[in-house]
Amino acid sequence: MKLFLAAAILSTASAFAPGRQASFAIRLQSAVEADVPERTAPDAGHTPEWEDRAGLTPSEFMASDESKSDISGMWECPLTRWDSEDIDVVEAQKMASKVPHCPLEMRASDSDNAQGAAFFSDNADKIKEDLLKYGAVWFRGYDLMKSVKGYRAMHEALGIDPCLDPLHSSGLRKFASERDALYEEVNKPSLRGHYIGLHSESTAKRTAAYAAFVCFQKATEGGGRFLVADGAAILAEMDTKVLQKLYDRKIRISVSNLDIPPSFPGPLKEGIKNLVDAAVAPKFDMDLEMIYESDGKPGRLQAVETAESPINRHPVTGLPVWFNNAHNHARKLRDRRPCGVPEVGMTEVFYADSMDPLSLEDCNEIKRASEKHISALAMEPGDVLLVDNYRALHGRDVFQGDRYHAVSWFTWGNEEWRGDERRIVDKNGMNKIINGMMDWLPKDFESDQS
């Protein structure tokens, strides 16, 4: 109810300053039209060929095994494990340069397919070793995972426990099969033309240990490659001076925007800020600070995460890795590639010590180092990409037609690292509300920050 109250107050208040809003909009549009960045599709270092393997019909691949128990009361996403102090950047790059190519490709043989789930239980230890070594494992051509029930059989055979998405209540995903702890990936028709940059499923507060992305139906009219890149390889690739600067200054990420008429008096703006902070921010399980105009836009209220290091040591191996979501969230990169996110969901990355947005030069270096190591996978029905979420980053290219991929997140086997929290069911109400809003939010936005 408080969320709707906040929205009602904002929409009603906006009506009191129509002339000023229109004038501001005209000035902003004129400024934007003068210098609009060109949008170009990002690069990838490795692009495997499509094989056009057949899948099942939606009714077949979505069928759950009703004989199995409902696991929707899954573990809470575990707290982020930070080990980022006193990192020697030069030595970290030397260590990271020794990693093998990510991902490891495991192609199914006829005998592998004949074994079904037994293949994964028999090879679970080796698969987990490979996951630590390579950062991601691409299971290619396995018939078992062409359906929801087969996919669940696969991860149960591996012995890994599902957990919530760290942004469960954000509206970014909905469940594909809630009883199987399976989320739908970003398949929304409204976001077909949106390029999802590299990111870990992580916030400064919570991070899933692993993920398993599955393809049930590839894009019917083209595109939709799944992107993966090794955070260690990106770290080794990046210009040392830029990397040192980002490590020394740290970064902060804004995750949402609320535009208040700039003409509003200070006390009213402060009241709106306090209302949003009290009513909305707690629904998102993140440590957020509500800040006005951090990106320079008059009247904009942004929800900004706490400062974090762009480099972290892997919790198990100790390997230093590029562990942040700047490639996905930096506004200067989003404004220069295909983007279909409404303005309320547009993000920005700041230097934590000054709250200035990252410079275009630093964004371009992040882009160069990241995209050189992207493998743009041709995932087809039954393919699964198992990802170490502290090591590899993932994303998705634009697509046409209909596409159906899904994902489950997984927690640690270590009970201390996993924690004892189970799913907080009341989060799901916010998840459903925001998912319902996503398709009608306006897309006609521009930026004055690029």
Side-chain angles (χ1 to χ4, degrees), residues 50-74 108 113 116-117 119-120 138-158 160-165 167-168 171-192 196 201 208 210-226 377-387 394 396 399-410 423 425 427-429 431-436 438-439:
W50 294 99
E51 297 181 345
D52 295 325
R53 282 179 268 114
L56 305 176
T57 65
S59 61
E60 291 171 330
F61 68 66
M62 288 303 301
S64 177
D65 185 348
E66 298 294 337
S67 69
K68 290 193 172 182
S69 61
D70 184 327
I71 56 173
S72 59
M74 67 200 87
N113 274 327
F119 170 83
F120 294 93
W138 181 14
F139 298 105
R140 199 173 187 189
Y142 287 79
D143 293 336
L144 175 68
M145 293 89 79
K146 287 184 177 182
S147 67
V148 167
K149 59 185 177 183
Y151 169 85
R152 177 171 168 178
M154 178 274 297
H155 70 70
E156 288 181 337
L158 289 175
I160 49 180
D161 293 326
C163 69
L164 287 173
D165 185 312
L167 295 177
H168 175 76
L172 293 176
R173 288 193 185 86
K174 61 182 179 181
F175 282 114
S177 179
E178 188 169 359
R179 71 180 310 276
D180 295 298
L182 182 64
Y183 286 89
E184 183 179 348
E185 274 191 53
V186 185
N187 303 312
K188 291 178 181 293
S190 61
L191 294 176
R192 288 176 184 139
I196 302 174
E201 211 61 28
Y210 313 106
F213 299 90
V214 59
C215 173
F216 294 132
Q217 176 182 288
K218 71 174 187 176
T220 55
E221 297 175 27
R225 286 179 177 270
F226 190 89
L377 305 184
M379 289 183 67
E380 304 195 31
D383 286 1
V384 166
L385 185 73
L386 185 63
V387 172
H394 63 274
R396 191 218 67 200
F399 67 95
Q400 298 79 44
D402 297 319
R403 174 185 186 269
Y404 206 96
H405 286 221
V407 59
S408 288
W409 311 103
F410 300 93
R423 180 183 177 191
V425 179
K427 284 185 182 180
N428 202 45
N431 181 280
K432 290 178 179 178
I433 290 169
I434 296 179
N435 264 291
M438 285 296 288
D439 287 339

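Note: hydrogens, waters and symmetry copies are ignored here, and every other heavy atom, side chains too, is used.
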Report task. Run the salt-bridge test on Arg192 and Asp402 with the 4.0 Å N-O cut-off and return the result as yes or no. Result ->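 Answer for the salt bridge query: yes.
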Under a 4.5 Å cut-off applied to non-hydrogen side-chain atoms, are [X] and [Y] in contact?
X: Asp161; Y: Met74; result: no
X: Val384; Y: Met154; result: yes
X: Arg53; Y: Lys146; result: no
X: Phe399; Y: His405; result: no

Hey, what do you get for [atom1] ([X]) to [atom2] ([Y]), rounding to the nearest 0.5 Å?
X: Phe213; Y: Glu201; atom1: CZ; atom2: CD; result: 6.5 Å
X: Lys149; Y: Glu66; atom1: NZ; atom2: CD; result: 10.0 Å
X: Ser69; Y: Arg179; atom1: OG; atom2: CZ; result: 7.0 Å
X: Arg396; Y: Met379; atom1: CZ; atom2: CE; result: 13.5 Å
X: Glu156; Y: Ile71; atom1: CD; atom2: CD1; result: 5.5 Å
X: Asp383; Y: Trp138; atom1: CG; atom2: CH2; result: 6.0 Å

For [X] and [Y], which heavy atoms make the closest approach, and how far apart are they?
X: Leu144; Y: Gly116; answer: CD2-C, 3.9 Å
X: Pro58; Y: Gln217; answer: CG-OE1, 4.3 Å
X: Gly401; Y: Thr220; answer: CA-OG1, 3.3 Å
X: Trp409; Y: Ala208; answer: CB-CB, 3.9 Å
X: Ala117; Y: Ala157; answer: O-CB, 3.5 Å
X: Pro162; Y: Ala181; answer: CB-CB, 3.7 Å

**Report entry** With Ser177 via side chain to side chain donor-acceptor pair (under 3.5 Å) - residues at least two apart
**Finding:** Asp180
Query raised in the report: Can you name the one residue among Tyr142, Tyr151, Phe61 that meets side-chain contact (heavy atoms from CB on, under 4.5 Å) with Val214?
Result: Tyr151
Between [X] and [Y], is there a donor-acceptor pair closer than 3.5 Å when you use the side chain of the first and the backbone of the second?
X: Arg423; Y: Leu164; value: no
X: Asn113; Y: Asp143; value: yes
X: Tyr183; Y: Asp165; value: yes

Query raised in the report: With sequence neighbours excluded, what pairs up with Thr57 under the side chain to side chain contact (heavy atoms under 4.5 Å, CB included) test?
Result: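 By the side chain to side chain contact (heavy atoms under 4.5 Å, CB included) rule, Thr57 matches Ser59, Glu60.
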Report task. Starting from the C-alpha separation in whole Å, work towards a yes-or-no answer on side chain to side chain contact (heavy atoms under 4.5 Å, CB included) for Glu184 and Phe216. Result -> CA-CA 11 Å; Glu184 183 179 348; Phe216 294 132; over 6 Å; no
